[in-house]
Protein chains: 2
Amino acid sequence: MVKFSKKIQTMDHSPIRKFYKYADEAKKKGKKVYHLNIGQPDIKTPSVFMDAIKSFDKDIIEYMPSQGINDLIAQIRNYYERHDVYFDNNDIIITHGGSEALTFTLLCITNEGDEVIVPEPYYSNYNIFIKGTGAKIVPITTYAENGFHFADEEEIVRRITKRTKAILLTNPGNPTGTVLTMKEMRMIADIAKQHDIFIISDEVYREFVYDDSPVTSFGQLPDVTDRVVLIDSISKRFSACGARIGALLTKNQELLDHVMKLCQGRLSCSTLDMIGATELYKLPPSYFDEVKEEYEKRRNIVYDILSKVEGVVCRKPSGAFYLTAKLPVADAEEFLIWMLTSFDVDNETVMFAPVEGFYETPGLGKNEIRIAYVLNEKDLRRAMEILKAGLEKYVSLTTI
Amino acid sequence: MVKFSKKIQTMDHSPIRKFYKYADEAKKKGKKVYHLNIGQPDIKTPSVFMDAIKSFDKDIIEYMPSQGINDLIAQIRNYYERHDVYFDNNDIIITHGGSEALTFTLLCITNEGDEVIVPEPYYSNYNIFIKGTGAKIVPITTYAENGFHFADEEEIVRRITKRTKAILLTNPGNPTGTVLTMKEMRMIADIAKQHDIFIISDEVYREFVYDDSPVTSFGQLPDVTDRVVLIDSISKRFSACGARIGALLTKNQELLDHVMKLCQGRLSCSTLDMIGATELYKLPPSYFDEVKEEYEKRRNIVYDILSKVEGVVCRKPSGAFYLTAKLPVADAEEFLIWMLTSFDVDNETVMFAPVEGFYETPGLGKNEIRIAYVLNEKDLRRAMEILKAGLEKYVSLTTI
């Protein structure tokens, strides 16, 4: 039978996928599993989304313009203006989630063998998007000990080669929760200018910044607008993951022109999802106050419980809804399987994401896990207490 | 500034795009333009689609499984069973339209420089999907004189090289309306087996076959199930183009496994669109009787009027909702611009699709146009009479 492409063979399955069977088995046995492993928020999708869709009264669900519907584009432009980021309508392209925005950007700028610099641990699906174009990930390794900080000029510059096309980063970070300061962003921008590379800034967690820190965006830097590509999405911002509406924003007109070819190829995003998303972007900035307060409270619960366990290494993250910690275990994947198959507190246990699959460098992250704090306060506290108890027991069993 | 990828630079914009400005100008001057240029049907989307979505009563629009929701997959399996095509649920993957199904299939099987055989004229977006993987289109040229027939063994075989990975075809055809017979499909299947290549069969117009011809599918051939990939979509079938729900179906388990990596990368299709699509697939087969009758009537109108114009070459197409004809003009693009800028009948004119952009071979199709019969009978008849009058006048003006 015919062979498959090199590109697809270098890609891995979602690193969390292989653990679902253990969670399913646990549930079949009547065990309750708290899911701290996925970024599916439990916050309600604002009702304006469904209200707008329910009011749709046309007889035909037609194709919409490949760039996206004008109303949604205009609302996104307004939303950015409120963050002091100024785009024209023509600079904004609506995509099937942030995923498509990333895929299209990378397809436009990377040839087979080109390189994209990515701080690791990174959102593991970048693996799929980058390798899908035939390009390679060049990782900048970051460490739990210093809060997964990566904005170090020397560390970035020494990875740039003739084949480097871009630095791709998530800010606030997934899986780390690390947030860049304006000063760090300025430094990255200067490197990008000097070495003539793109900055692809995945800012889908933009609002989720705690401790009264300001919301920052690479769109705020006026001298790199032609090399900055912002990746955005309603999934996390409005807790609407199942509505596949993202956006690609850039002032680079040549890139926009190329991306539009790909958009025309796939014709249109979902008409109804775009109609709903338009209303989400009309929500006042105050909408985020309550949401942020809720997540900040949860972040504190996770950090307070986990950081006090002996041997755990983590810094308090400032953003997104993730925390990555180094555990006093040899292999976090084995620990997860043990939690699902062999541990419970009153017949309840916890699933989290081992972080090894979020690293490009083989062997790193083996003892790290990511917690997604996407449960309500009560459940989250309970889940974290179970995790703590499990971890302490596992350590006592494995270090005899 | 950094260069863009070779892949994106070999791609063209949608070939119809450059003519919209002429249509817009005509409309600004108060001219009515009948659109026979796009495959956006005017048939109503069955109301079960919106009814199901309006009944959605969960508080959160969550991610759904990357493969698609179980209910929709089960309904698609049932739909295929009614056509004597038997898939397991695991053989079916829901995609963002047929476009994503094609993109994912090609990404899994083609390396840079590989070849995909495609009969031309072809659906022009194949250009984007194939070139996006770095592969090349190897065209089999077909001709209006014999109804764009391409299932000729010698013509196919002589294009197969060591780098050929697949033959990609649309059946029923776009832009040609040509339908393969079971005998022709058998022959193509035998070639694919002998030369160990995939058959990617885009069957999104499956039901639209006229003159009481049977509905055929490459899924009906039992000995090539491991090399057949069916591409499907609700867009045309249920007149739901703006709901981005397609499907990839194959019995090749290795391909499914690879495609699932890409699906996990983009996380989920639209939750609401999948819920609506599930109800569409529950519609009884009789739903298509009326739709087919309507399109067959329209096909006859287009064919009867156009084929009688002196110098026009076309055969009566058997399927889809397109007809491609050779006109007695030197350049169909110039003729279209003239129709939009300089011709009208009582202040009305017609837009169609020049077919040159649907050919891979440079210079071919310059005098061909595609008519999409997506208007109601009255409007379609009026539009075709205007086209006939315009064509006759244009010929008289240009052949002095």
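Lettering follows sequence order; numbering is per chain, from 1. The basis for the numbers below is simple: all heavy atoms, side chains too, and nothing from hydrogens, waters or symmetry mates.
Heavy atoms of A/C263 lying under 4.5 Å from chain B are absent altogether. Only the side chain of A/S99 comes within less than 4.5 Å of a heavy atom of chain B; its backbone N, CA, C and O stay farther away. Heavy atoms closer than 4.5 Å to chain A are found nowhere in B/F238, neither backbone nor side chain. Of the atoms belonging to B/I43, it is backbone heavy atoms, and not side-chain ones, that fall under 4.5 Å from chain A. Only the backbone of B/P41 comes within less than 4.5 Å of a heavy atom in chain A; its side chain stays farther off. Neither the backbone nor the side chain of A/Y126 comes within less than 4.5 Å of any heavy atom of chain B. In this structure, the portion of A/S235 lying under 4.5 Å from any heavy atom of chain B is its side chain and not its backbone. Using a 4.5 Å cut-off between heavy atoms, A/S239 contacts chain B through both its backbone and its side chain.
Scanning residues 100-108 of chain B against chain A with a 4.5 Å non-hydrogen threshold yields B/L107, B/C108, sorted by number. Interface residues of residues 10-19 of chain A toward chain B, defined by a heavy-atom distance below 4.5 Å and sorted by number: A/M11, A/D12, A/H13, A/S14, A/R17.
Using a 4.5 Å heavy-atom threshold, the side chains of B/F129 and A/L262 count as separate.
From B/I8, atom CD1 reaches atom CG of A/L255 across 9.0 Å, with rounding to the nearest 0.5 Å. Distance check: B/D114 CG to A/K3 NZ gives 12.5 Å after rounding to the nearest 0.5 Å. How far OG of A/S268 is from NE2 of B/H96: 12.0 Å, rounded to the nearest 0.5 Å. In this structure, B/I128 CD1 and A/K261 NZ are separated by 7.0 Å, a value rounded to the nearest 0.5 Å.
When atom types are taken as modelled, the side chain of A/N111 and the backbone of B/S5 share no donor-acceptor pair closer than 3.5 angstrom. Distance alone, capped at 3.5 Å, is enough to place a donor-acceptor pair between the A/R244 side chain and the B/R266 backbone. Checking side-chain atoms of A/K6 against main-chain N and O of B/E112 turns up no donor-acceptor pair under 3.5 Å.
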N/O donor-acceptor pairs under 3.5 Å from side chains in residues 52-71 of chain A, not counting sequence neighbours:
| residue | atom | partner | partner atom | Å |
| --- | --- | --- | --- | --- |
| A/S55 | OG | A/D51 | O | 2.8 |
| A/Y63 | OH | B/K236 | NZ | 3.3 |
| A/S66 | OG | A/L267 | O | 2.7 |
| A/Q67 | NE2 | A/N89 | O | 3.1 |
| A/Q67 | NE2 | A/I92 | O | 2.8 |

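Between chain B and the options A/G134, A/G276, A/C269, heavy-atom pairs under 4.5 Å are most frequent for A/C269. Most heavy-atom pairs under 4.5 Å with chain B, from the set A/I245, A/D257, A/V259: that is A/D257.
B/D273 and A/S270 form a side-chain donor-acceptor contact under 3.5 Å, judged by distance and modelled atom types alone.
Applying the side chain to side chain donor-acceptor pair (under 3.5 Å) rule to B/H35 yields the partners B/K27, B/N37; only residues at least two apart in sequence or on another chain are considered.
Here the shortest heavy-atom pairing between B/N252 and A/F4 reads OD1-CZ, 3.8 Å.
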